[in-house]
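Following: one structure in structure tokens, then a few remarks.
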Amino acid sequence: MKRSRVAAAVIAAGDRIFATARGYGPFKGRWEFPGGKIEPGETAREALVREIREELDIGIEVGACIDTVEYDYPDFHLSMDCFWCTHKTGTMKLLEAEAARWLCADELFEVDWLPADLDLVAKIRERLRKRTGEN
């Protein structure tokens, strides 16, 4: 089975998380965290900075690793390193996604996430709730 190694940015601002809807491919319209493939010779963090510049035209600060998601799609295995990130420079522009939203903990499951993201979204929701004192 083909293996795809990617990095995902969980961009946080206060109690909200940034998510995008794919603008292309077989999962067009499904929601995910922005990011992309890790190129040969790149670290996951370097790939994330490059991918976010390409997808959103902004600079980010990559923080702590949240998790590494391992997920089998029918045609490939996904290995996704997921990091907390902060928007540092520039104005966001959707260069690849068809839509974007800032979501608080209670809104996270209002969008149709890609299957590989579901467990990660649940973890993020719990962390956001702890951070804001919600149950």
Side-chain angles (χ1 to χ4, degrees):
M1 181 178 283
K2 181 182 169 192
R3 182 176 166 94
S4 183
R5 188 159 174 257
V6 302
V10 180
I11 302 171
D15 66 344
R16 296 193 180 275
I17 299 298
F18 188 73
T20 58
R22 287 182 70 95
Y24 59 90
F27 296 107
K28 184 178 184 334
R30 302 282 301 269
W31 289 77
E32 65 182 351
F33 296 105
K37 289 184 182 173
I38 300 170
E39 299 293 340
E42 277 185 321
T43 67
R45 291 170 184 274
E46 291 167 342
L48 209 45
V49 169
R50 176 185 51 75
E51 285 284 346
I52 298 306
R53 174 72 58 202
E54 291 172 3
E55 291 182 19
L56 300 172
D57 198 29
I58 62 167
I60 59 168
E61 180 177 316
V62 181
C65 183
I66 302 168
D67 200 359
T68 297
V69 174
E70 301 289 341
Y71 189 86
D72 286 327
Y73 281 100
D75 297 337
F76 66 97
H77 176 81
L78 177 72
S79 180
M80 179 171 62
D81 296 330
C82 309
F83 296 88
W84 289 111
C85 296
T86 308
H87 176 184
K88 287 296 181 188
T89 61
T91 301
M92 278 192 194
K93 299 177 191 120
L94 296 183
L95 303 176
E96 294 183 13
E98 69 177 27
R101 285 183 61 184
W102 285 96
L103 302 164
C104 67
D106 291 337
E107 298 169 328
L108 282 172
F109 285 102
E110 291 180 5
V111 299
D112 186 18
W113 291 97
L114 288 169
D117 291 327
L118 290 172
D119 288 343
L120 176 66
V121 172
K123 285 180 185 181
I124 290 168
R125 180 176 62 180
E126 292 311 308
R127 290 188 189 180
L128 286 175
R129 285 180 170 168
K130 284 179 183 176
R131 196 186 295 176
T132 60
E134 295 177 29
N135 291 322

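What you see below is based on every heavy atom in this structure, not just the backbone, and it leaves out hydrogens, waters and symmetry mates. Predicted model, so just to flag it, every value in this text is computed and none were measured.
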*Is Leu120 linked to Ile60 within one hydrophobic cluster, defined over Ile, Leu, Val, Met, Phe, Trp and Tyr using a side-chain heavy-atom separation of less than 4.5 Å?*
no
_Quick one, Phe109 with Trp31, criterion ring pair (Phe, Tyr, Trp, His ring centres under 6.0 Å). Give me CA distance, side-chain angles, the key distance, then yes/no._
CA-CA 10 Å; Phe109 285 102; Trp31 289 77; over 10 Å; no
*Using the test salt bridge (charged side-chain N to carboxylate O under 4.0 Å, His left out), find all partners of Asp75 that sit at least two apart in sequence or belong to another chain.*
none
*Looking only at atom types and distance, does a side-chain atom of Arg45 sit under 3.5 Å from a main-chain N or O of Gly63, one as donor and one as acceptor?*
yes
*asked:* Give me the atom names and distance for the closest heavy-atom approach of Glu98 to Leu94.
replied: C-CD1, 4.4 Å
*Give a yes or no on whether a salt bridge exists between Lys123 and Glu126, defined as a side-chain N under 4.0 angstrom from a carboxylate O.*
no
*Does some side-chain heavy atom of Met92 sit less than 4.5 Å from a side-chain heavy atom of Phe18?*
yes
_Looking at Arg5 and Asp81, is any side-chain nitrogen of the basic one under 4.0 Å from a carboxylate oxygen of the acidic one?_
yes
*Pairing residues for Arg127 by the salt bridge (charged side-chain N to carboxylate O under 4.0 Å, His left out) criterion, not counting sequence neighbours*: none
_Taking atom CG as the centre, does Asp119 end up with more than 12 heavy-atom neighbours from other residues, nucleotides or ligands that are less than 6.0 angstrom away?_
no
*asked:* Run the side chain to side chain contact (heavy atoms under 4.5 Å, CB included) test on Leu114 and Arg22 for me, step by step, so that the C-alpha distance in whole Å, both residues' side-chain angles and the decisive distance to 0.1 Å come before the verdict.
replied: CA-CA 9 Å; Leu114 288 169; Arg22 287 182 70 95; 3.8 Å; yes
*asked:* Going by the rule side chain to side chain contact (heavy atoms under 4.5 Å, CB included), which residues pair with Glu96 if we only count those two or more places apart in sequence or in a different chain?
replied: Tyr24, Glu55
*Do you know the tightest heavy-atom contact between Ala8 and Met80?*
CB-SD, 3.8 Å
*Of Arg16, Arg101, Arg125, which meets side-chain contact (heavy atoms from CB on, under 4.5 Å) against Leu108?*
Arg125
*Pro74 to Met1 - nearest heavy-atom pair and separation*: O-CE, 4.0 Å
*Smallest separation among heavy atoms of Ala44 and Ala7, with atom names*: O-CB, 3.6 Å
*Quick check: does any side chain N or O of Tyr73 sit under 3.5 Å from a backbone N or O of Ala116, one acting as donor and the other as acceptor?*
yes
*Kindly indicate, with the supporting measurements, whether the criterion side chain to side chain contact (heavy atoms under 4.5 Å, CB included) is fulfilled by Cys104 and Leu128.*
CA-CA 8 Å; Cys104 67; Leu128 286 175; over 6 Å; no
*Can you find a pair of side-chain heavy atoms, one from Lys88 and one from Ile58, that are under 4.5 Å apart?*
no
*Please report the shortest heavy-atom distance between Ala12 and Ile17, naming the atom on each side.*
CB-CD1, 3.8 Å
_Let's go through Phe33 and Val121 carefully: what are the C-alpha distance in whole Å and the side-chain angles of both, what is the deciding distance for side chain to side chain contact (heavy atoms under 4.5 Å, CB included) to 0.1 Å, and is it a yes or a no?_
CA-CA 10 Å; Phe33 296 105; Val121 172; 3.9 Å; yes
*Minimum heavy-atom separation for Ile38 to Glu42, with atom names?*
CG2-O, 3.5 Å
*Would you call Ser4 and Lys37 a side-chain contact if the rule is heavy atoms closer than 4.5 Å?*
yes
*asked:* Could you walk me through whether Ile52 and Val62 satisfy the side chain to side chain contact (heavy atoms under 4.5 Å, CB included) test, starting with their C-alpha distance in whole Å, then the side-chain angles of each, then the deciding distance to 0.1 Å, before giving a yes or no?
replied: CA-CA 11 Å; Ile52 298 306; Val62 181; over 6 Å; no
